[in-house]
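Read through the structure below, which is laid out as structure tokens, and then see the notes.
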Number of protein chains: 2
Amino acid sequence: MDAKGNRAGGRGGRSGGVPGEVWLREPRARRDALTLDRIVATAVDLLDADGVAGLTMRRLADRLAVAPPTLYWHVKTKDDVLDLAVDAIFAEVPVPSGPWRDAVRELVLAWRATMLRHPWSPPLLGRPALGPNVLERTEFLQGALASAGFTGAHLAAATHGLANFVIGSALTQSTWHSPEALGTARAHLRARADDYPTLVANDHLADQDWDALFERGLDHFLTGLAQGIGSGPVSSPP
Amino acid sequence: MDAKGNRAGGRGGRSGGVPGEVWLREPRARRDALTLDRIVATAVDLLDADGVAGLTMRRLADRLAVAPPTLYWHVKTKDDVLDLAVDAIFAEVPVPSGPWRDAVRELVLAWRATMLRHPWSPPLLGRPALGPNVLERTEFLQGALASAGFTGAHLAAATHGLANFVIGSALTQSTWHSPEALGTARAHLRARADDYPTLVANDHLADQDWDALFERGLDHFLTGLAQGIGSGPVSSPP
DNA sequence: ACCTGAACACCGTTCAAGT
DNA sequence: ACCTGAACACCGTTCAAGT
């Protein structure tokens, strides 16, 4: 994969024979315009391939066949690129419909799946995420919970709680994505069975079914939530 | 705060008058030995002051009055320093005692408080955390849950679920720590009330009591958990 | 065993200059 | 309006060399 000189492939060389050929070419600006969308899409590719460490303004520019400073006309800083990349992948999360508990489950599961497809993303949620895709899904989540009867502080606790639960889950799971990391971690634990009897007895970092584990935890949470609807000091005043 | 030349303050200059003074000084190696502990403690200081971006091997070396390459005798890579720093702050989390639900609540709340005191830490949990302090607290958490009657997949779901919930919560809360970030975010939302009616109506990113919000969510989760003890396919076989 | 100077191969970003 | 070359002020890390 050559990163340079793929500028549309016709600028001089063997294509120069036809007279008047200029008019047959679209104007360059249309052909390979450097748009924000292209920048973000390429950034996501780079992140998927090599993680956060792999995204470099210089590498990004190279992949786009452009000089590094050019990026700064379209973007203010590298952090901008990261923020845009995060919002971009949220477009992959379908917004569901149906009864609240199913819809919430569906949204949350798809949300998690998307983050796991892009393992670089969970830590990046430690930055303000206010892109349209993120907000649209948050709006839906809170809307579903509100329609379920949550109000006030209960609603806020449910919304943030669910979001935090997915994010935290994706963060730790993406940590243990590689089997070898899990393997050495387990060995480390087993070698210290005296210090960590419970963890070892229950094979804490086993190569388990993380999906099922998450769904189980989610269901516990939803159950606790459903039980809390309408109770408490906020939504049921005297 | 001068970062250089604080090597014990007596090497030349006004202290050279006393004859035989060499013998009164402790050997240099004892006085300001560069230990792993000092490196990690200084790293935590740097992280607390300026965040992850503020921790640089060169700045760290400077603060320790040492040449940058020296650090690489004590540490293999910068990531080592980060991993050690994360484990170091977990020492601040007291390991509680008492009935399981209270103990779990206590641990989880202290855990969260510590992360919020060191806002750089939540994103770093996206790396394998196997230090003794982290493991000791995880062992305690799982032990408390096991003593409460959780077994098998329920136990794993409870342990990971709680950990993920705290981590996720600390991650997002540390994002919105600064009032100005919250302020502009709210303004951004309010300006788009048509797109995000629920979020705006419920003042999603209000400057709320995050502690109370977290405890509410935690209680929902614990309620859901307590209800799940002993049920399900794993812990109650036919 | 512990520490250093010099150097390598990178970074993000600015800025005057080009078209 | 959009792109570039050259440069600035940094990085993490290696390595031969010092004590």
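Order of the sequence lines sets the chain letters (A, B, ...), proteins ahead of strands, with each chain counted from 1.
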For nucleotides 17-19 of chain C, tabulate all protein N/O to nucleotide N/O atom pairs closer than 3.5 Å, reporting atom names and distance.
none

Contacts under 3.5 Å, N or O only, protein and nucleotides 6-13 of chain C:
residue, atom, partner, partner atom, Å
C:dG12, OP1, A:M57, N, 3.2
C:dG12, OP1, A:K78, NZ, 3.1
C:dG12, OP2, A:M57, N, 3.0
C:dG12, N7, A:R58, NH1, 2.4
C:dG12, O6, A:R58, NH1, 3.1
C:dT13, OP1, A:T77, OG1, 3.2
C:dT13, OP2, A:Y72, OH, 2.7
C:dT13, OP2, A:K78, N, 2.8
C:dT13, O5', A:Y72, OH, 3.4

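Contact check on A:R117 versus A:D48 returns no salt bridge, with no Lys/Arg side-chain nitrogen under 4.0 Å from an Asp/Glu carboxylate oxygen. A salt bridge between B:D45 and B:R63 is absent, with no side-chain N of the basic residue lying under 4.0 Å from a carboxylate O of the acidic one.
Protein atom CG of B:L36 is 17 Å distant from nucleotide atom P of C:dA1, rounded to whole Å. The separation between B:W73 atom CH2 and C:dT4 atom P is 13 Å, rounded to whole Å. Separating the CG atom of B:L64 from the C1' atom of C:dC3 is a distance of 13 Å, rounded to the nearest angstrom.
The 12-atom threshold is not exceeded at NE2 of B:H177, counting heavy atoms of other residues, nucleotides or ligands nearer than 6.0 Å.
Residues passing the side chain to side chain donor-acceptor pair (under 3.5 Å) test with A:N202: none are found, sequence neighbours excluded. A:E139 is linked by a side chain to side chain donor-acceptor pair (under 3.5 Å) to B:T198, counting only residues two or more places apart in sequence or in another chain.
Aromatic ring orientation, B:F221 versus A:F221: tilted (interplanar angle from 30° to 60°). A parallel orientation is assigned to the rings of B:F165 and B:F214, their planes being inclined by less than 30° (bins at 30° and 60°).
The shortest distance between side-chain heavy atoms of A:R190 and A:D203 falls below 4.5 Å.
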> How is the base pairing of DNA chain C summarised as a dot-bracket string, given the Watson-Crick and G-U wobble criteria with both distances under 3.5 Å, [ ] for crossing and | for another strand?
Replying inline: ||.|||||...|||||.||
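Residues in residues 128-138 of chain B take part in these side chain to side chain donor-acceptor pair (under 3.5 Å) pairs, two or more places apart or across chains: B:D87-B:N133.
Listed pair B:T70 / C:dC2 fails the phosphate criterion, with no side-chain N or O lying under 4.0 Å from OP1 or OP2. Dashed line: the shortest gap from a side-chain N or O of A:H74 to OP1 or OP2 of D:dA1 is not under 4.0 Å.
When all heavy atoms of A:M115 and A:P122 are compared, the pair lying nearest together is CE-CA, 3.6 Å.
A:R38 and A:T35 share no donor-acceptor pair across their side chains, judged by distance under 3.5 Å alone.
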